Amino acid sequence: MAEFLLHVNGAPLHVNAPADESLLSVLRNRLHLTGPKYGCGEGQCGACTVLLDGEATRSCLVAVGSVANAKIVTIEGLEQNGKLSAVQQAFLDEGAFQCGYCTSGMILSATSLLQRTHKPTEQQIVEAMDGNLCRCGTYPRIVAAIQRAAQSMPAKGASR
Ligand code: FES
Ligand code: FES
């Protein structure tokens, strides 16, 4: 066991864990942030996705000992002052979920995409979301939600 200082959702958090424990396990079981979900544990489904310094990252594949200096954002950290993020609101407005198990990972992957590419094409959305699986098959509504979020977000410079 070792003590780590993590930066999660804008707050410094101390946690004791083995250095090789997955970030997903630490978030869920030690910090009680249960938004990131355990799906496959092998980097194949995207249910565990969080943002690491803004990049969508499979937290099941990342050892907690390697992220002490990173800014970690989970679904719990997207809301600001009681207001859902544009992507969260768009998923709600489009009904882009059924069971919801994939939704946290979908929203964080979409958030990362829209931070890089403000007005993505449908093809860019499909490619960016390719690693996030939805067993309920809500893909068309997920794409629509990301398009809606892109429309609702203020432009921050040119699209890439
Ligand atoms: S649980 Fe991490 S990618 Fe499936
Ligand atoms: S909404 Fe059920 S897995 Fe996507």
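Residue numbers count from 1 along this sequence. Just so we're clear, the structure is a prediction, and the values are computed from it rather than from any experiment. Just so it is clear, the values below take in all heavy atoms, side chains as well, and ignore hydrogens, waters and symmetry mates.
Taking every heavy atom of both residues into account, A149 and A86 meet most closely at CB-O, 3.8 Å. Nearest heavy atom pair, residue S59 against residue S22, reads O-CB, 3.9 Å. A pairwise comparison of heavy atoms in I142 and C134 identifies CD1-CB, 4.4 Å as the closest pair.
Grouping the Ile, Leu, Val, Met, Phe, Trp and Tyr side chains by contacts below 4.5 angstrom, directly or via other members, places V87 with L108. Cluster membership for V73 and V62, using ILVMFWY side-chain heavy atoms within less than 4.5 angstrom, is not shared. A chain of hydrophobic side-chain contacts below 4.5 Å, direct or via other Ile, Leu, Val, Met, Phe, Trp or Tyr residues, connects I72 to L31. Residues Y38 and M106 do not share a hydrophobic cluster, clusters being chains of Ile/Leu/Val/Met/Phe/Trp/Tyr side chains in contact below 4.5 Å. L27 and I75 sit in two unconnected hydrophobic clusters of ILVMFWY residues. Membership requires side-chain heavy atoms under 4.5 Å apart, directly or through other members.
The side-chain heavy atoms of L133 and Y139, taken from C-beta on, include a pair separated by under 4.5 Å. No side-chain heavy atom of H118 sits under 4.5 Å from any side-chain heavy atom of L114. Contact check for V67 versus F4: no side-chain heavy atoms found under the 4.5 Å cut-off. Side chains of V143 and E122 form a contact here, defined as non-hydrogen atoms less than 4.5 Å apart. Contact of the I146 side chain with the F91 side chain is registered, since non-hydrogen atoms from C-beta on lie closer than 4.5 Å.
Looking at residues two or more places apart in sequence or on another chain, you find a salt bridge (Lys or Arg N to Asp or Glu O under 4.0 Å) between R30 and E21. With sequence neighbours excluded, the residues satisfying side-chain hydrogen bond (donor to acceptor under 3.5 Å, both in side chains) with E76 are T74.
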If you look only at distance, which donor and acceptor atoms sit under 3.5 Å apart when one is on a side chain in residues 48-55 and the other is two or more places apart or in another chain?
{"unit_1": "T49", "atom_1": "OG1", "unit_2": "G46", "atom_2": "O", "d": "2.6"}
{"unit_1": "T49", "atom_1": "OG1", "unit_2": "R58", "atom_2": "NH1", "d": "2.9"}
{"unit_1": "D53", "atom_1": "OD1", "unit_2": "K71", "atom_2": "N", "d": "2.9"}

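Because its NZ or CZ atom is both nearer than 6.0 Å to the ring centre of Y101 and within 45° of the ring axis, R135 counts as a cation-pi partner of that residue.
A donor-acceptor pair is defined here as one N or O able to donate and one able to accept, closer than 3.5 Å; such a pair exists between the side chain of T121 and the backbone of Q124. Here the side chain of T34 pairs no donor or acceptor atom with the backbone of R28 at under 3.5 angstrom. Panel note: side chain Q115, backbone S112; no donor-acceptor pair is recorded below 3.5 Å. Remark: the backbone N or O of C45 is not paired with any side-chain donor or acceptor of N132 at under 3.5 angstrom.
How far CG of L23 is from OG1 of T57: 9.0 Å, rounded to the nearest 0.5 Å. A distance of 6.0 Å separates OG1 in T138 from CZ in R141, rounded to the nearest 0.5 Å. Atom CD of residue Q80 and atom CD of residue Q88 lie 9.5 Å apart, to the nearest 0.5 angstrom. Separation of atoms CG (L78) and CD (Q89) is listed at 12.5 Å; rounding is to 0.5 Å. Of the inter-residue distances, the one linking Q98 atom CD with T103 atom OG1 reads 10.0 Å to the nearest 0.5 angstrom. C40 contributes atom SG, which lies 7.5 Å from atom CG of L61 (distance to the nearest 0.5 angstrom).
With a 6.0 Å radius and a threshold of 12 heavy atoms from other residues, nucleotides or ligands, N69 has its CG atom at or below the threshold.
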Could you walk me through whether S152 and R148 pass the side-chain hydrogen bond (donor to acceptor under 3.5 Å, both in side chains) check? CA-CA 6 Å; S152 72; R148 177 190 279 254; over 6 Å; no

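Q123 and E127 share a donor-acceptor pair across their side chains, judged by distance under 3.5 Å alone.
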